[in-house]
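Report on one structure; see the data block that follows.
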Amino acid sequence: MRRKIIIFLLCLLPLCCFAGCNRAKEEETDEKLIVVGFSQVGSESDWRLANTASMVSALSEENGYHLLFDNAKQRQENQYLAIRNFIQQDVDYIVIAPISETGWESVLAEARAAGIPVILVDRQVNVEDQSLYRSWVGSDFYREGTEATAWIDRQFADRPLRILHLQGTEGATASLMRSKALYDAAETHPSWQIEASLKGDFTEAKGYEVTRDFLSEGGKFDLLYSENDNMTFGAMQAMDEAGITYGEEGTVKIVSFDCVKNALEECLKGKIDLCVECNPLHGPRVDALIKACEAGEELPRLSYVEEIAFSSDTITRELIDSRGY
Ligand code: GZL
């Protein structure tokens, strides 16, 4: 019996070696892949979908990555869970699109204690200890806001102006800064009256609901300042239902942020008067930051993406067709 067992085992030997080599080869191949855990805010807007697509495309196996992706569904506690899971899996890098600025000290300290570099994209985090993350790439949201208020000033100067303000997710840098730009401009334009600042959470559904309720309570406004395109789409539906016209020929002017494709189409139709771009294509920048880190280079603390604005008289079909999102 022993002899048979030995012969049987000898027959298995090449298979084990192959499997072992094969495993070693896989490990060797896997060793070449940089493992990245990415905690994404959610899928609340067209902008977010474009941001996710850019990150997934850049952090691909072809580019040398093994990506672990988590969608937090707009809940910060889900981001905490995902990051701790990435730490347990001992990933090489953690990338976070933080839903809001506060509440990050503990989980970022855990990543640092585990020796895992953290890169932030899009919104920022408000932490004393700057060593809790290596680098951030995103937009200058306050500049986006001043781009919008400068346009409003050119259109209305010091004429009386009633503004309806739709705010994005509470505590998100994009909302905090776009709101601050509006409030600062209203300070220097006494004839501008912010009728209400309503919380739309960057979603179309909420943008519709809060605008519909404002109108049904007799609210009036001459300009909609909406902190993202999806809330704008919701507000447009509420205005349609209330028989309120908007855009170039309408009674209400619309200023919107993001410049997602559907918003630029509405701008081309003259329905949205100003679209302020917020560039979601962070993937290639994060890829470059990680590769620089791998090469032992010092990372820039902040990297701002380039952005512009389009009005209904500057947008063209060619521009829309030429854009990456
Ligand atoms: C901006 C980003 C915002 C977008 C919204 O960088 O944080 O979140 O403006 C998205 O569309 O939901």
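Just so you know, ligand 1 is whichever comes first in the structure, and atom 1 is the first atom listed for that ligand.
- At distances below 3.5 Å, not a single donor-acceptor pair connects side-chain atoms of Asn230 with backbone N or O atoms of Glu204.
- With hydrogens and angles ignored, the 3.5 Å screen pairs a side-chain donor or acceptor of Asp92 with a backbone N or O of Val35.
- Ion pairing between Arg178 and Glu144 holds under the 4.0 Å rule for side-chain N and carboxylate O.
- Sorted by chain and number, the residues within 4.0 Å of ligand 1 by heavy atom are Glu44, Ser45, Trp47, Arg48, Asp122, Arg123, Phe141, Ala174, Arg178, Phe202, Asn228, Asp258, Cys278.
- Of the candidates Asp273, Asp240, Thr251, Asp240 is the only one forming a side-chain hydrogen bond (donor to acceptor under 3.5 Å, both in side chains) with Tyr246.
- Glu266 and Lys269 are joined by a salt bridge, as a carboxylate oxygen and a charged side-chain nitrogen come within less than 4.0 angstrom of each other.
- Panel note: side chain Thr169, backbone Ala172; no donor-acceptor pair is recorded below 3.5 Å.
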